[in-house]
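Per chain, numbering begins at 1; letters A, B, ... match sequence-line order.
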Number of protein chains: 2
Amino acid sequence: MRVTTDADSPPAGRARLADVARLAGVSVGTASKALSGNGRMRPETRQRVLDAVETLGFRPNHHARTLHTGRSWTVGLVTTDGIGRFSTPVLLGAEDALGEGRISVLLCDTRGDAIREQHHLRNLMDRRVDGIIVTGRRTDPRSPLRGVEPIPTVYALSPSTDPEDMSVVSDDGNGVTLAIEHLLATGRTRIAHITGPAHHAAARDRARFTVELLAASGLEPATGRVHFGEWSEAWGRRAVEALLRTAPDTDALFCGNDQIARGAADALREKGVNVPGRVSIVGWDNWDTMALACRPPLTTIDGNLAEVGRRAALRLLDAIASRPEPGVRAVSCRLVVRESS
Amino acid sequence: MRVTTDADSPPAGRARLADVARLAGVSVGTASKALSGNGRMRPETRQRVLDAVETLGFRPNHHARTLHTGRSWTVGLVTTDGIGRFSTPVLLGAEDALGEGRISVLLCDTRGDAIREQHHLRNLMDRRVDGIIVTGRRTDPRSPLRGVEPIPTVYALSPSTDPEDMSVVSDDGNGVTLAIEHLLATGRTRIAHITGPAHHAAARDRARFTVELLAASGLEPATGRVHFGEWSEAWGRRAVEALLRTAPDTDALFCGNDQIARGAADALREKGVNVPGRVSIVGWDNWDTMALACRPPLTTIDGNLAEVGRRAALRLLDAIASRPEPGVRAVSCRLVVRESS
DNA sequence: AACAAATGAGCAATCGTTTTCCTGAAAGGA
DNA sequence: TCCTTTCAGGAAAACGATTGCTCATTTGTT
């Protein structure tokens, strides 16, 4: 209930377009046109409206506008489980790119729960979001969202299993290439690959690319096989200990993530093996708290996750402007050379 | 432009309340009342409406509702710089508590830029958010938001400098008490405190509480003073090396965060000093990748950051329901005992 | 049986913009 | 001078729900 003492008194609360119009001596419609730049009008009229906007501190009501135009200038950001180390940069990259487009982000954390996901999706549809970005912490493909048909959706980091959907991922093949070529270029040939659990796509893919790429140079992994394990420092240490026994002539370690790499570096140092003198190490993720704290600081592959988020947002904006381009796009990785190689 | 072939045909696109009403054979107003439970009506009438809702898959338009009622069921979550290790759990805790209240979260990352902050605030006001939660990555008090007067605001993690604002923080004093009492209870008396830079409130406050609490037991820090430095492992290592020279009889380290603690643990191990045999270590943050990967796993103080977020959200909900309770509330910490003590 | 009270349901105003007509008036051309 | 364009600006209909008010019916009371 807006309180006004009489018809022409200054309005209580926030100024409405009607107040602006009255002050400028024009109709509401004209005021609207003056602001949107749609209708034609005398420059001085427009200026009067603009001045009135200034004096009253008028800001248009977002919901009224959305109600009429159907565009909410909002996108839903659905994170599959928690907001972790991987989804955070994606999320920030997306928020950044969307902010440029004056679009706001509704955050939905599903905690990996399908019920909660459906719940959030209905909410997003009720709020008439212009689009949805889905991101998870793993690179394993995920099943597409259900029941959001008319709303453009982009999958970031974890691609959709449906190739007709839009997905943006980090290019693991490219990352492997950067790492292996760097090691070969610095004269290493007996390269071991230590990585995470085989049931993670990230581990499997990187391992496969590694083996293929080594084979292309007539090489094979130092121990003849890839070492799957966990994404932990402890696994890195254990793997190195085994490695020093089985293949003591190994001259480089390519690790599936920075934690494994750091564990490996620690184990080597404690065994008196010089890094990078006798063994080079390359990690993956460029996770600063690991890579920089490592002794020596880690050479590592940066998945450019913020860029993945940015690109996902840009594709979403394209799709919203109805230029749908389905398919998976991969963002190149970056090799960050530090002292471990 | 909604396309209908004739007045009574099923509507294209999403169902509106008008469609529900027509199907149920009642007026729009009655249908609305049937759903909100506000008006009185014959049970069978209500049921007809409910059935129609079901058949049409009707979901109310959020913006239309907000436009009329003024409540958007949305809160803005403003993070001061990035979304880091500290703001993430706060954010998740808040999102969780707000989700219970069927409220959505608009994410605003200011990147520490005042211009961007103002920009986001105006946006939030345009969207008529019901409330705002402000969070940062430091515990240093921050200046209150400007120009959001009528909107309830809660500061999480970094309190507002204005005591009349609502703030929720982690209780550093309590954390220090837990840590020191644990060390004393396990027989340690020559306790050193190694922490971050003195220009961080987190470092200063924890140091002050530590000195006070030791004094209360007739003790003083092992070296007679607190060691300020950085929040890094490297500083932890350096500090320990200095400590072993100046005060070799030190029997416990209380570190300002887990990174320092981990660095300290590494340095001690490498000097052949047994942990926890000869020296106990307690860290702060319970940051799993540090605390669990540490050798030995770290005893540490958990700031319960998710709970800080939850409590901030709950206070905000209270304030929205117009029960304003200004002031700073502190969330207790938790001592997580592992093998380093 | 007659009148008052309670109840069920509809009408229409409202929220604040956008946008589509539509109307005068001014300007231009013959 | 008269007729056709162009132009400025207004009136009003959306957009989709909520809610106060009104008006018939029932129901209840002597």
Report the distance from atom [atom1] of [X] to atom [atom2] of [N], rounded to the nearest whole Å.
X: A:Leu67; N: C:dT18; atom1: CG; atom2: C1'; answer: 10 Å
X: A:Arg59; N: C:dT17; atom1: CZ; atom2: P; answer: 11 Å
X: B:His62; N: D:dA17; atom1: NE2; atom2: C1'; answer: 12 Å
X: A:Phe58; N: C:dG16; atom1: CZ; atom2: C1'; answer: 8 Å
X: B:Leu17; N: C:dC11; atom1: CG; atom2: C1'; answer: 15 Å
X: A:His63; N: C:dT18; atom1: NE2; atom2: P; answer: 14 Å
X: B:Gln47; N: C:dG8; atom1: CD; atom2: C1'; answer: 17 Å

Choosing from C:dG8, D:dG16, C:dC11, which nucleotide comes nearest the side chain of B:Asn61?
D:dG16
Closest to side chain of B:Arg40, choosing from C:dT17, C:dG16, C:dG8:
C:dG8
Please confirm whether any donor atom in the side chain of B:His68 sits under 3.5 Å from an acceptor in the base of D:dT18, or the reverse.
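Flag set: donor-acceptor pair detected.
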Can you check whether any acceptor in the base of C:dT17 is under 3.5 Å from a donor in the side chain of A:Lys33, or vice versa?
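Check fails, no donor-acceptor contact within cut-off.
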Under 4.0 Å: is that the gap between some side-chain N or O of [X] and OP1 or OP2 of [N]?
X: B:Arg65; N: D:dT18; answer: yes
X: A:Thr69; N: D:dC15; answer: no
X: A:Thr30; N: D:dG9; answer: no
X: A:Arg16; N: C:dC15; answer: no
X: A:Arg42; N: D:dG9; answer: yes
X: A:Asn38; N: C:dT19; answer: yes
X: B:Ser32; N: D:dA17; answer: no

Is any NZ, NE, NH1 or NH2 atom of the basic residue among B:Arg22 and B:Asp19 found under 4.0 Å from an Asp or Glu carboxylate oxygen of the other?
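Result for this pair is yes, salt bridge flagged.
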Is there side-chain contact between [X] and [Y], with at least one heavy-atom pair below 4.5 Å?
X: B:Asp126; Y: A:Asn61; result: no
X: B:Val78; Y: B:Leu107; result: no
X: B:Leu145; Y: B:Val134; result: yes

Base, sugar-phosphate or nothing for [X]? Non-hydrogen atoms, less than 4.0 Å.
X: B:Thr45; value: sugar-phosphate
X: A:Arg46; value: nothing
X: B:Val26; value: sugar-phosphate

Which value, rounded to the nearest 0.5 Å, describes the distance between A:Ile132 atom CD1 and A:Thr74 atom OG1?
12.0 Å
How many angstroms lie between CG in B:Leu314 and CG in B:Leu98, if you round to the nearest 0.5 Å?
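Interatomic distance, B:Leu314 CG to B:Leu98 CG, rounded to 0.5 Å: 8.0 Å.
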Hey, which of these two, B:Met41 or B:Arg128, hits DNA chain C nearer its 5' end, going by closest nucleotide?
B:Met41
